[in-house]
Each structure stands twice: as C-alpha cells, then as structure tokens.
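For reference, positions follow the sequence shown, starting with 1.
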Amino acid sequence: RIAATADAWQALAEVYESQAQNAEDPAVLTLLHTRAAEIREQHLNDPLAAIAHHQRVLSVDAGNLEAATALERLYQVSERYDDLAKTYLTKASLLPEPLEQKEYLFRAGALYEEVLDQPEAAIDVYRRVLRVESEDVGALDKLIQLHLRLRQWEKLLEAYSSKADVVADPDEKKRLYLEIGTVYERELGQSDKAIETYQRVLELDPDDATALSRLDALYLATGQSDELLSVLEREAELCGDAFQAIDFRYRIGELYEQKL
C-alpha cells in the first residue's frame, strides 16, 4: 500500500511536470511548479526536485514570496548556506517593510561573515542595510568589525565617521573620534588628520587625557612648539600626580627657553 501510494504521488507529480512543460502562461506555470514542488518535498522526499521547481517559479515570477520562503526552508534543511544567503537577499528585496528587509539582510550578512567566511560579501550586505536605513548602528558596527579585520583603513574611517555622526552619546562619539585619530596616526601615518581628529575630541571634552597625550606626542614629533606649549600647560593643570606635573612644567620651561 505504501508503495502504491508513493507511485500515485509520483504519477501526480509527473502529470504536473508534464503540463508545466507545455504551459506558457506565467500564472499557470507558477501553479504547476508549486504543486509539483509540494508533492516532491512532502510525499516523495525529494528536496532537490522541489528546489528545482521553486527555482523555476522564481525564474517565471521573480516576486513570488511563497517560492522564496519555500527555498529558504529547503536550503536550511539541506545546509546549503550559500544558496540560503542568496535567498535571504531575495526575500529582503521582496518584503515590503524596512524592518523585515533589514532582518533578512542581517541574516544574509551573518551567513557570509560567520559560516561562509566571505567578509567582502558580508560588507556588501551591510551596506545594503544602510541603503534601507542610513543610520542603522548595527550595520555600522558590523562594517567597523569587518573593515578592521580586513585592515581596510580608509573604509574603516568612513564607517567610524558615519557612526560618530549618528550616535548622540558624547562619550561614545568621543571614543569613535579617538579610534579615528588612532587609525590616522598609527596605520596611515597622517599626522595632520590625526591632530585634527584629536582636536575634535577636545571640543567634546577639553579635559580628555588621551587626546591631550596624543596631541602632545604629535606636536612634539611635527615641531609645532606653540601648540605643544598649550597642550603641556593643559596637561600640567589636569595632572593629579605631583611628580608628573613637575615633568610637564619642566618641559614647558624648556620650550620657553627655546623660544627666547
């Protein structure tokens, strides 16, 4: 009886498939392939054939969300992660709500990043998230992580700057500017850009010890004595250690001697 039932489902699937070969109307083709796919998956345990039918539906009707959802399920079960990531991207383009679009884009990004080890593909996906919502901090954080991992310094700076423009918290904004300054200073060797960035930190917090320390080192290295003098005086005022304060005052004295 089981074999007879299987034979009956096989015969029915073949009927749908035969009709699909002769059909020209897209709506009819979609219906026939969908029915054949359901039988192949649910009654004949043939996921590969079911996948082929759903793919055929999408080739006829690229906006068919039902076929994309079916492929999503089948690719998950069969652990075809590259195809699953592409299907997530397809669904993201079909779903009407931005929140849903972003959800599927993040799913695709996670697969490319964590499972498929395709960081460049993940970057492309997270950039798509920003096209849906330009201020999505989660996407910016992912881009920061990936550009840092790939040592893509210019793109990392772009991501840091975008996030600094978005965040409202002054401490977080300050932290991001410090990161930007570090990249300019240590990775790109652009002292002028680093100085400019650390100065922006001081606009947010005139007492920031890290920014003052880096400006101290950069002004010293670039021979900008007037600017260095101003920073040293500020460091001496803020210093809580008496011996360190003496050191700052000593350096200030040396600068004045050089200027005389």
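For the ring pair (Phe, Tyr, Trp, His ring centres under 6.0 Å) test, residues two or more places apart in sequence or in another chain that qualify with F106 are Y126. Partners of E235 by side chain to side chain donor-acceptor pair (under 3.5 Å), not counting sequence neighbours: none found. Residues meeting the ring pair (Phe, Tyr, Trp, His ring centres under 6.0 Å) test with H54, sequence neighbours left out: none. Partners of E172 according to the side chain to side chain donor-acceptor pair (under 3.5 Å) rule, which considers only residues two or more places apart in sequence or in another chain, are K163, R175. Looking at residues two or more places apart in sequence or on another chain, you find a ring pair (Phe, Tyr, Trp, His ring centres under 6.0 Å) between Y104 and Y88. Applying the side chain to side chain contact (heavy atoms under 4.5 Å, CB included) rule to L204 yields the partners K173, K174, Y177; only residues at least two apart in sequence or on another chain are considered. For N45, there are no side chain to side chain donor-acceptor pair (under 3.5 Å) partners two or more places apart in sequence or in a different chain.
Looking at S161 and I180, their side chains come closer than 4.5 Å, going by heavy atoms from C-beta outward. The shortest side-chain heavy-atom distance between V125 and K142 does not fall under the 4.5 Å cut-off. Using a 4.5 Å heavy-atom cutoff, the side chains of E17 and R40 are in contact. Between E41 and P47, every side-chain heavy-atom pair lies at or beyond the 4.5 Å cut-off. For the pair Y198 and T182, the minimum side-chain heavy-atom distance is below 4.5 Å. Residues W153 and L148 have side chains in contact (heavy-atom distance under 4.5 Å, counting atoms from C-beta outward). Between Q101 and L94, the closest side-chain pair of non-hydrogen atoms is not below 4.5 Å. At least one side-chain heavy atom of P119 sits under 4.5 Å from a side-chain heavy atom of R149.
The existence of a salt bridge linking R234 and E237 is confirmed by a sub-4.0 Å separation between a basic side-chain nitrogen and an acidic carboxylate oxygen. A salt bridge is defined here as a Lys NZ or Arg NE, NH1 or NH2 lying under 4.0 Å from an Asp or Glu carboxylate O, and D83 with R73 fails to meet this definition.
The minimum heavy-atom distance linking A122 with G109 is given by the pair CB-O, 3.8 Å. Nearest heavy atoms, A139 versus L130: CB-CD2, 3.9 Å. Taking all atoms of both residues into account, the shortest heavy-atom contact from L74 to A50 is CD1-CB, 4.1 Å. Shortest non-hydrogen contact noted between A245 and C239 is N-SG, 3.6 Å. Here the closest non-hydrogen pair linking A67 and V57 is CB-CG1, 3.7 Å. Closest approach of A36 and A13 over heavy atoms only: CB-O, 4.4 Å.
Residue pairs satisfying the salt bridge (Lys or Arg N to Asp or Glu O under 4.0 Å) criterion with at least one member in residues 190-203, sequence neighbours excluded, are absent. Screening residues 102-112 for salt bridge (Lys or Arg N to Asp or Glu O under 4.0 Å) gives E72-R107, K102-E133, K102-D136, E103-R107 as the qualifying pairs, with residues at least two apart or on separate chains. Counting only residues at least two apart or on different chains, the side chain to side chain donor-acceptor pair (under 3.5 Å) pairs with a member in residues 18-35 are H33-H53.
To the nearest 0.5 angstrom, S162 atom OG is 8.5 Å from L143 atom CG. In this structure, CG on D124 lies 11.5 Å from CG on L105, to the nearest 0.5 angstrom. One distance of note links CD of E254 with CG of L232; it measures 10.0 Å at 0.5 Å rounding. Expressed to the nearest 0.5 Å, how far CG of L229 lies from CD of E233 amounts to 4.0 Å. Summarising the geometry, atom OH belonging to Y112 is positioned 13.5 Å from atom CD1 belonging to I123; distances are rounded to the nearest 0.5 Å. With rounding to the nearest 0.5 Å, the separation of CG in D61 from CG in N64 is 4.5 Å.
Judged by distance alone, with hydrogens and angles left aside, the side-chain atoms of S230 form no donor-acceptor pair with the main-chain N or O of D226 at under 3.5 Å. Using a distance-only test at 3.5 Å, with no hydrogens or angles considered, a donor-acceptor pair links the side chain of T69 to the main chain of L65.
Heavy-atom contacts from other residues, nucleotides or ligands closer than 6.0 Å to CD of E187 number more than 12.
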I'd like a table of donor-acceptor pairs (distance under 3.5 Å, sequence neighbours excluded) in which one partner is a side-chain atom from residues 211-225, with atom names and distances.
residue: R214; atom: NE; partner: E185; partner atom: OE1; Å: 3.2
residue: R214; atom: NE; partner: E185; partner atom: OE2; Å: 3.2
residue: R214; atom: NH2; partner: E185; partner atom: OE2; Å: 2.2
residue: D216; atom: OD1; partner: R251; partner atom: NH1; Å: 3.4
residue: D216; atom: OD1; partner: R251; partner atom: NH2; Å: 2.7
residue: D216; atom: OD2; partner: R251; partner atom: NH1; Å: 2.9
residue: Y219; atom: OH; partner: Q199; partner atom: NE2; Å: 2.8
residue: T222; atom: OG1; partner: L218; partner atom: O; Å: 2.6
residue: T222; atom: OG1; partner: Q224; partner atom: NE2; Å: 2.9

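Two different hydrophobic clusters hold V15 and L31 under the rule that ILVMFWY side chains link at heavy-atom gaps under 4.5 Å. Taken together through direct or relayed side-chain contacts under 4.5 Å among Ile, Leu, Val, Met, Phe, Trp and Tyr, V231 and Y256 form part of one hydrophobic cluster. By the rule that hydrophobic residues join a cluster once side-chain heavy atoms approach within less than 4.5 Å of another member, V77 and I39 end up as members of separate clusters. The hydrophobic clustering, which links ILVMFWY residues whose side-chain heavy atoms are closer than 4.5 Å, places Y250 and F248 apart. Residues V201 and L228 are members of one and the same hydrophobic cluster, defined by side-chain heavy-atom contacts under 4.5 angstrom among Ile, Leu, Val, Met, Phe, Trp and Tyr.
Hydrophobic cluster membership of V60, counting Ile, Leu, Val, Met, Phe, Trp and Tyr whose side-chain heavy atoms lie under 4.5 Å apart directly or via other members: L29.
Side-chain polar atoms of Q152 and E120 form a donor-acceptor pair below 3.5 angstrom.
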